[in-house]
Amino acid sequence: MNTWTDFHPLKSCVIGSLPEPENIIPYTKLTKRYADYTTVIYNTARAELDNFENTLKKFGVTTYRSVQQYPYFNGEGVVTHPLAVRDFFTVYGNSLYRTNHAYWWEKDIVNSCDHVFDQINFTSTYTSPSNDIFYDGDINKFDPDKDIARPFFEPTVTIPCGNDIIIGKYFERSGNELGKQDYMKWAKSVNPKVKFHEVDAYGHIDSTLFLVRPGLLITQISPDKLPSFFDKWEKIFSPPQERMLDPSYKKHKLRHRKLHPVMAKIFYNFLTTNTEETFFSGNSLSINENTILFTGKNHELFSKLEKKGIDCVSVDFRATTFWDCGPHCSSNDLERTGDLEDYS
């Protein structure tokens, strides 16, 4: 059982989960139509995740689901759901790396896949130390290097590629230097030959860089900002295509307060007016070197890939993007079949 790249044939994975809205809304100030908007968002997203799981099963992938085994409410607010499962663990080779989130309201989410890990015989398991240090301030002012005096690193700022690992240059709120060094030390313990290549990108890089197969990648990053590792790779440039009803949504001052009436209304309007055919996000999941699951549709990109023998499968994730998640963020590989190789 090994996982060395994101493009080897996917055999098993974990899929994130969301609670039923009636378990959440009582802990919010959402009432009347705003509660109705949020209920629609939750129920639609839950159906999308179920459909996503069924799609994976049709491709022969064994699936597991995360489980929220911690309270929905922590006394001050609704806690983060175990949806973005790729944020808090990764498998490289047959070794498991587990991080600890920075925010105190997310500290229990890292245990939501323990029931899955207990069923797998990993060669080794490493958990980055939390030292019981968590951030409890304004998320918009959070500086991981200054505010968290311990390793913090979300694996989604990396992309494994055999003996090489691509790593984002700017972590934003997804890691700090202590966490980067901690992760690199772990990866080297798994594969002493591993090499790291820095890409000039911010935060999670799985929506801006996608490895299709050896020698072919999709990128939203200009070629001059890619590491020399990709010099011989063919590049399909795909500018950011994510479409929202309100272009300012991602910069809205209330964006991180998902259960606010303003956010519920904005997103509900988007969800009910944008069809699957008019929405696309680069957050995608490889089934194998010839099949990719995409969020929505991008006819220009699909045409380029189909000419190269790539089957582009569209899955509806419009509601799930309320939590900034697509097929890649809301799943995490446990096993992909393939050997450890060099791909430069």
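Side chains are part of it too, since the values below use all heavy atoms of this structure and drop only hydrogens, waters and symmetry mates.
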For side chain to side chain donor-acceptor pair (under 3.5 Å), just list the numbers for Ser66 and Ser17, CA-CA rounded to whole Å, side-chain angles, deciding distance to a tenth of an Å, and then say yes or no. CA-CA 6 Å; Ser66 63; Ser17 60; 3.0 Å; yes
Assess the side chains of Thr80 and Glu106: does a donor N or O sit below 3.5 Å from an acceptor N or O?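 Their side chains do contain a donor-acceptor pair, which is all the 3.5 Å distance test asks for.
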Is there a donor in the side chain of Ser128 and an acceptor in the side chain of Asp182, or the other way round, less than 3.5 Å apart?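 A donor-acceptor contact under 3.5 Å links the two side chains.
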Atom [atom1] of [X] and atom [atom2] of [Y]: how far apart are they, to the nearest 0.5 Å?
X      : Y      : atom1 : atom2 : result
Tyr268 : Thr39  : OH    : OG1   : 10.5 Å
Leu334 : Cys13  : CG    : SG    : 7.0 Å
Asn51  : Leu56  : CG    : CG    : 9.5 Å
Ile24  : Thr38  : CD1   : OG1   : 11.0 Å
Asp136 : Asp147 : CG    : CG    : 11.5 Å
Phe89  : Ser112 : CZ    : OG    : 8.5 Å

Using atom types as modelled and distance alone, determine if a side-chain donor or acceptor of [X] lies under 3.5 Å from a backbone N or O of [Y].
X      : Y      : value
Asn94  : Asn121 : yes
Thr5   : His8   : yes
Arg336 : Pro9   : no
Glu289 : Pro214 : no
Arg173 : Asn140 : yes
Gln119 : His115 : yes
Thr291 : Ile287 : no
Asn176 : Arg150 : yes
Glu48  : Arg318 : yes
Thr295 : Gly326 : no

Nearest atoms (heavy-atom pairs only) where [X] meets [Y]:
X      : Y      : result
Pro144 : Glu172 : CG-O, 3.3 Å
Gly162 : Leu340 : C-CD1, 3.4 Å
Val14  : Val85  : O-CG2, 3.9 Å
Ile165 : Ala187 : CD1-CB, 4.0 Å
Tyr64  : Val116 : CB-CG2, 3.7 Å
Glu22  : Pro26  : O-CD, 3.2 Å

Applying side chain to side chain contact (heavy atoms under 4.5 Å, CB included) between Ser284 and each of Val315, Val212, Ile292, Asp6, report the one that passes.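 Only one option passes, and that is Ile292.
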Only one of Asn131, Ile109, Ile148, Val110 forms a side chain to side chain contact (heavy atoms under 4.5 Å, CB included) with Asn100, so which one is it?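 So, applying the side chain to side chain contact (heavy atoms under 4.5 Å, CB included) to Asn100 and each of Asn131, Ile109, Ile148, Val110, only Val110 qualifies.
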[X] versus [Y]: any side-chain heavy-atom pair under 4.5 Å?
X      : Y      : value
Pro327 : Phe317 : yes
Leu49  : Ser330 : yes
Leu10  : Asn288 : no
Ser95  : Thr125 : no
Glu76  : Trp105 : no
Leu226 : Leu209 : yes
Phe294 : Leu305 : yes
Phe210 : Ile205 : no

Flag the pair Tyr42 / His81 as yes when their ring centroid distance falls below 6.0 Å, and as no otherwise.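 Centroid separation for Tyr42 and His81: below 6.0 Å.
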I'd like to know whether the aromatic ring centres of Tyr37 and Phe267 sit less than 6.0 Å apart in this structure.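 No.
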Answer yes or no: are there more than 12 heavy-atom neighbours, outside Lys195 itself, under 6.0 Å from its atom NZ?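 Yes - once you tally the heavy atoms of other residues, nucleotides and ligands closer than 6.0 Å, there are more than 12.
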Assess whether atom OH of Tyr126 is packed by more than 12 heavy atoms of other residues, nucleotides or ligands within 6.0 Å.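 More than 12 heavy atoms, drawn from other residues, nucleotides or ligands, come within 6.0 Å of this atom.
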Sequence neighbours excluded - side-chain hydrogen bond (donor to acceptor under 3.5 Å, both in side chains) pairs with any residue from residues 223-237: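 Listed once each, the pairs are Ser222-Asp224, Glu234-Lys308.
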Residues [X], [Y]: salt bridge by 4.0 Å N-O rule:
X      : Y      : answer
Arg46  : Glu20  : yes
Lys180 : Asp145 : no
Arg98  : Asp114 : yes
Lys11  : Asp333 : no

Answer with yes or no whether the hydrophobic clustering places [X] together with [Y]; edges join I, L, V, M, F, W, Y residues whose side-chain heavy atoms lie under 4.5 Å apart.
X      : Y      : answer
Ile166 : Tyr202 : no
Leu216 : Ile159 : no
Val190 : Val157 : yes

Check the pair Tyr97 / Tyr92 against ring pair (Phe, Tyr, Trp, His ring centres under 6.0 Å), numbers first and verdict last. CA-CA 8 Å; Tyr97 171 89; Tyr92 184 53; over 10 Å; no
Take Ser207 and Asn283, measure what side chain to side chain donor-acceptor pair (under 3.5 Å) needs, and give me the verdict at the end. CA-CA 4 Å; Ser207 288; Asn283 193 282; 3.2 Å; yes
Let's go through Asp311 and Asn290 carefully: what are the C-alpha distance in whole Å and the side-chain angles of both, what is the deciding distance for side chain to side chain donor-acceptor pair (under 3.5 Å) to 0.1 Å, and is it a yes or a no? CA-CA 6 Å; Asp311 187 16; Asn290 299 307; over 6 Å; no
Test side chain to side chain donor-acceptor pair (under 3.5 Å) on Thr3 and Glu335 and set out the steps. CA-CA 5 Å; Thr3 298; Glu335 181 180 9; over 6 Å; no
Considering only residues two or more places apart or on different chains, which pairs with a residue in residues 130-166 satisfy ring-ring contact (aromatic ring centres under 6.0 Å, His included)?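 ring-ring contact (aromatic ring centres under 6.0 Å, His included) check on residues 130-166 returns Tyr103-Phe142, Tyr135-Phe142, Phe153-Phe171, Phe153-Tyr183.
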Per the ring-ring contact (aromatic ring centres under 6.0 Å, His included) rule, what does the pair list look like for residues 324-344, sequence neighbours excluded?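 For residues 324-344, and leaving out neighbouring residues, the ring-ring contact (aromatic ring centres under 6.0 Å, His included) pairs sorted by first residue read Phe7-Tyr343.
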